[in-house]
2 protein chains.
Amino acid sequence: MAGIKDVAARAGVSVATVSRVLNDHSGVREETRARVLTAVSELSYRPNTLARSLRTDQTRTLGLVISDVLNPFFTELARAVEDAARESGYSVIIGNADEQLTLQDHHVRTLLDRRIDGLLVSPASGDSVALREAALLGIPMVFVDRWIEGLDVPLVRADGRPAVRDLVAHLYALGHRRLAIITGPVASTTSNERVRAFRSALQEHGLPLPDAYIGQGDFQTASGRRATERFFALPEPPDAIFATDNLMALGVMEQLRRLGLRVPSDVSLAAFDDIPWFLHTDPPITAIAQPTQELGHRAVAALTDLVEGRSAGSVTLSAHLIARRSCGEDERTRR
Amino acid sequence: MAGIKDVAARAGVSVATVSRVLNDHSGVREETRARVLTAVSELSYRPNTLARSLRTDQTRTLGLVISDVLNPFFTELARAVEDAARESGYSVIIGNADEQLTLQDHHVRTLLDRRIDGLLVSPASGDSVALREAALLGIPMVFVDRWIEGLDVPLVRADGRPAVRDLVAHLYALGHRRLAIITGPVASTTSNERVRAFRSALQEHGLPLPDAYIGQGDFQTASGRRATERFFALPEPPDAIFATDNLMALGVMEQLRRLGLRVPSDVSLAAFDDIPWFLHTDPPITAIAQPTQELGHRAVAALTDLVEGRSAGSVTLSAHLIARRSCGEDERTRR
DNA sequence: ATGACCGATGTAATCGTTTCCATGCGCAGC
DNA sequence: GCTGCGCATGGAAACGATTACATCGGTCAT
């Protein structure tokens with residue numbers, strides 16, 4: 001592979017001049033510039049980014065650590081992030097934490113080793129040593145969707161609380177009184193927020209949230225199955241289930257199918273995060289939709305601000321309820 | 001951030017010795033090694049991979065270019081690839097081509113600029129200059145799932161033809177005679193193979209495949225909708241539709257819902273690539289499943305073989321039909 | 001006692017860039 | 001005809017690692 005020296009030789013100039021042309025610095029005679037450019041294309045020269053980054057101490061690369069690529073919400077987010085970053089001239093390297101703290105830290109470390117310019121992360125729940133270190137080191141960093149308490153890092157997310165309140169009102173209006181929830185990991189910020197919002201909305205309607213109706217999940221499909229199994233082992237099972245993410249909702253459906261139960265006649269179902277398939281499931285599933293695209297774009301904007309020396313603040317967008325048949329029929333969903 | 005010099009200074013040795021310890025080369029006194037190691041951890045030193053790679057001319061990084069991250073088949077593949085690579089001590093950088101040739105070439109180029117050790121690609125259809133150049137340059141490269149004719153690059157994939165044959169037999173047995181197919185992009189190798197297999201299977205049953213029953217798609221949801229729309233504008237619409245990927249199947253369902261048509265009573269539906277949601281759609285969708293995990297693992301194995309100087313051959317796995325209710329009832333699907 | 005050898009370590013070149021500083025040249029001002 | 005200035009360019013020092021080669025005691029065989 002040709003290097004800058006080869007280009008310089010062929011153009012009959014020094015490497016300094018080639019570099020100047022490549023980074024279009026002013027002060028190169030037009031004719032020289034042209035000569036360099038033809039040499040570049042004749043040799044189909046491409047600068048070695050490793051060397052460049054080593055020298056300039058910047059990679060024009062962002063790291064994105066997400067909790068689970070297989071979760072459509074996150075793949076959509078990743079997609080949006082990559083698009084936005086590319087528009088701003090950055091590349092993105094994605095690390096999939098698979099909801100595991102150790103894997104997450106592994107990725108954070110390798111990304112830092114690669115000297116990425118900034119880190120976008122939707123942290124798995126729990127205490128991440130690597131993330132704390134990175135924050136302390138002053139690595140430009142932005143949280144998206146999820147966050148870690150006590151770290152002074154800008155956060156871009158959607159506040160789902162009003163939508164959760166709407167959801168509870170919707171369920172109540174449809175006659176449901178025994179509402180259950182399936183949570184994410186214990187220390188998950190988003191999950192906790194959703195649970196609290198759920199509980200306080202229930203209170204407004206004078207409904208209790210017994211412990212038995214709180215299914216401990218981990219944002220993965222299998223935990224949705226397990227929680228559902230437990231609910232239906234109860235003497236009085238819930239008449240509505242709210243899964244705090246879409247994969248657990250899938251688990252709920254799988255388990256209901258095994259148990260031979262029907263939605264919504266036997267039990268209602270709603271999920272956090274809307275995905276295209278929810279329209280075509282049997283029945284279509286009521287969900288709370290986040291503005292995923294915008295989340296991604298805003299997060300990148302905040303991060304590039306930080307990277308480029310500007311300041312960045314947190315951003316809170318809003319989520320909204322999309323009522324479908326999985327909670328029963330009412331005037332809004334019947335057609 | 002601390003560099004190797006700082007470590008050397010603190011341990012009272014030269015940088016050469018530190019490097020030897022770090023890459024555990026033999027010939028370092030045990031006591032010196034210990035001293036270096038403590039210096040490393042006291043400074044929480046991490047080697048700069050840019051510098052290292054520049055010098056050694058290897059990054060221990062694989063590039064993966066997939067056609068569409070939003071397609072669950074590819075995200076699952078990406079996930080498998082990353083897992084396998086990590087086990088072999090490689091990182092993976094993913095590029096999402098979004099079924100666009102220019103975007104694909106953009107990613108191939110930036111990956112090459114990053115001096116990845118090898119390239120795993122599921123090429124978008126059409127002639128890719130960047131890919132051809134890379135192959136000519138001798139970049140270790142392996143195709144997965146899709147390929148480009150005329151390039152001598154190992155290919156890891158699943159042969160879907162027998163399964164397509166099974167599918168046609170299944171549809172025929174259920175009484176369907178007007179079978180339609182929705183293809184991928186014109187030059188797509190996988191799509192073409194699926195179409196050919198479909199057509200020849202139809203012939204075996206003495207059925208024609210009129211042009212009007214070939215919907216030109218592009219592996220994206222919207223094209224599934226459009227093709228369906230056209231099918232039902234026909235004087236005699238098909239009684240079964242085979243979508244050659246899962247996103248187009250989603251598009252078919254969306255359009256059918258708009259048209260107020262029901263599956264399978266009005267029309268049957270089957271798709272290539274199985275995804276978890278197919279079990280819970282209304283009705284569950286008959287699909288051809290690929291061994292995605294194994295595809296990813298085999299592809300990485302082939303690529304690392306190439307990267308590490310061994311030779312690698314193509315691998316062909318097989319796909320299989322999973323019959324569900326979307327094609328109508330028979331003894332296998334009725335429960 | 002001498003030299004060959006070996007084990008542990010250091011010195012310095014190198015990878016491919018960017019960029020600071022020096023250099024040479026033409027030209028305007030005096 | 002100098003001086004000084006600006007413009008275009010080149011030389012060489014970094015960036016942070018790896019590694020070929022040199023060095024330096026010490027041991028051992030002769």
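Numbers restart at 1 for each chain; the letters A, B, ... are given by sequence-line order, proteins then strands.
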Quick one: [atom1] on [X] to [atom2] on [Y], what's the gap to the nearest 0.5 Å?
X	Y	atom1	atom2	answer
A:Arg46	B:Leu112	CZ	CG	8.5 Å
B:Met141	B:Ile139	CE	CD1	9.0 Å
A:Leu77	A:Glu82	CG	CD	12.0 Å
B:Glu308	B:Ser88	CD	OG	7.5 Å

In terms of heavy-atom contacts, does CG of A:Asn23 have more than 12 from other residues, nucleotides or ligands at under 6.0 Å?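 More than 12 within 6.0 Å, yes.
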
Expressed as a whole number of angstroms, how long is the span from [X]:[atom1] to [N]:[atom2]?
X	N	atom1	atom2	value
B:Asp57	C:dG16	CG	P	8 Å
A:Arg60	C:dT17	CZ	P	18 Å
A:Asn23	C:dT19	CG	P	7 Å
B:Leu112	C:dG16	CG	P	16 Å

Closest contact, heavy atoms only, [X] versus [Y]:
X	Y	value
B:Asn192	B:Ala187	ND2-C, 4.1 Å
B:Ala85	B:Leu62	CB-CD2, 4.1 Å
B:Val156	B:Leu295	CG1-O, 3.7 Å

For DNA chain C, what residues of residues 38-50 of chain B have any heavy atom nearer than 4.0 Å?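 Output list: empty, so none.
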
Partners meeting side chain to side chain contact (heavy atoms under 4.5 Å, CB included) with B:Thr32 (sequence neighbours left out):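 B:Val13, B:Thr17, B:Val28, B:Arg29, B:Arg35.
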
Check: protein-nucleotides 9-15 of chain C nitrogen or oxygen pairs below 3.5 Å:
| unit_1 | atom_1 | unit_2 | atom_2 | d |
| --- | --- | --- | --- | --- |
| C:dT9 | OP1 | B:Arg29 | NE | 3.3 |
| C:dT9 | OP1 | B:Arg29 | NH2 | 3.0 |
| C:dT9 | OP1 | B:Thr32 | OG1 | 2.5 |
| C:dT9 | OP2 | B:Arg29 | N | 2.9 |
| C:dT9 | OP2 | B:Thr32 | OG1 | 3.2 |
| C:dG10 | OP2 | B:Ser14 | N | 2.6 |
| C:dG10 | OP2 | B:Ser14 | OG | 3.0 |
| C:dG10 | OP2 | B:Thr17 | OG1 | 2.9 |
| C:dG10 | N7 | B:Arg20 | NH2 | 2.9 |
| C:dG10 | O6 | B:Arg20 | NH1 | 3.4 |
| C:dT14 | O2 | B:Arg55 | NH1 | 2.8 |

Please tabulate, one pair per line, all N/O donor-acceptor pairs under 3.5 Å involving side-chain atoms of residues 117-130 of chain B, not counting sequence neighbours.
| unit_1 | atom_1 | unit_2 | atom_2 | d |
| --- | --- | --- | --- | --- |
| B:Asp117 | OD1 | B:Thr59 | N | 2.9 |
| B:Asp117 | OD1 | B:Thr59 | OG1 | 3.2 |
| B:Asp117 | OD2 | B:Thr59 | N | 3.4 |
| B:Asp117 | OD2 | B:Arg60 | N | 2.6 |
| B:Ser122 | OG | B:Val144 | O | 3.3 |
| B:Asp127 | OD1 | B:Arg132 | NE | 3.3 |
| B:Asp127 | OD1 | B:Arg132 | NH2 | 3.3 |
| B:Asp127 | OD2 | B:Arg132 | NH2 | 2.6 |
| B:Ser128 | OG | B:Asp105 | OD1 | 2.6 |
| B:Ser128 | OG | B:Leu131 | N | 3.1 |

Evaluation steps, side chain to side chain donor-acceptor pair (under 3.5 Å), between B:Arg146 and B:Ser67: CA-CA 9 Å; B:Arg146 308 185 187 174; B:Ser67 351; 3.3 Å; yes

Salt bridge check: are A:Asp83 and A:Arg79 linked by an N-O gap of less than 4.0 Å?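 So A:Asp83 pairs with A:Arg79 through a salt bridge.
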
Residue that, paired with B:Asp98, satisfies side chain to side chain contact (heavy atoms under 4.5 Å, CB included) out of B:Leu70, B:Leu103, B:Val69: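 Between B:Asp98 and the candidates, side chain to side chain contact (heavy atoms under 4.5 Å, CB included) is satisfied uniquely by B:Leu103.
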
So where does chain B start and stop touching DNA chain D, 5' to 3', when the test is distance under 4.0 Å to a non-hydrogen atom?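 That gives a stretch of D:dG16 to D:dT19.
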
Based on the rotation axes of five pairs at each end, what angle does the helix from C:dA1-D:dT30 to C:dC30-D:dG1 bend through, to 10°?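 About 60° separates the two local helix axes.
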
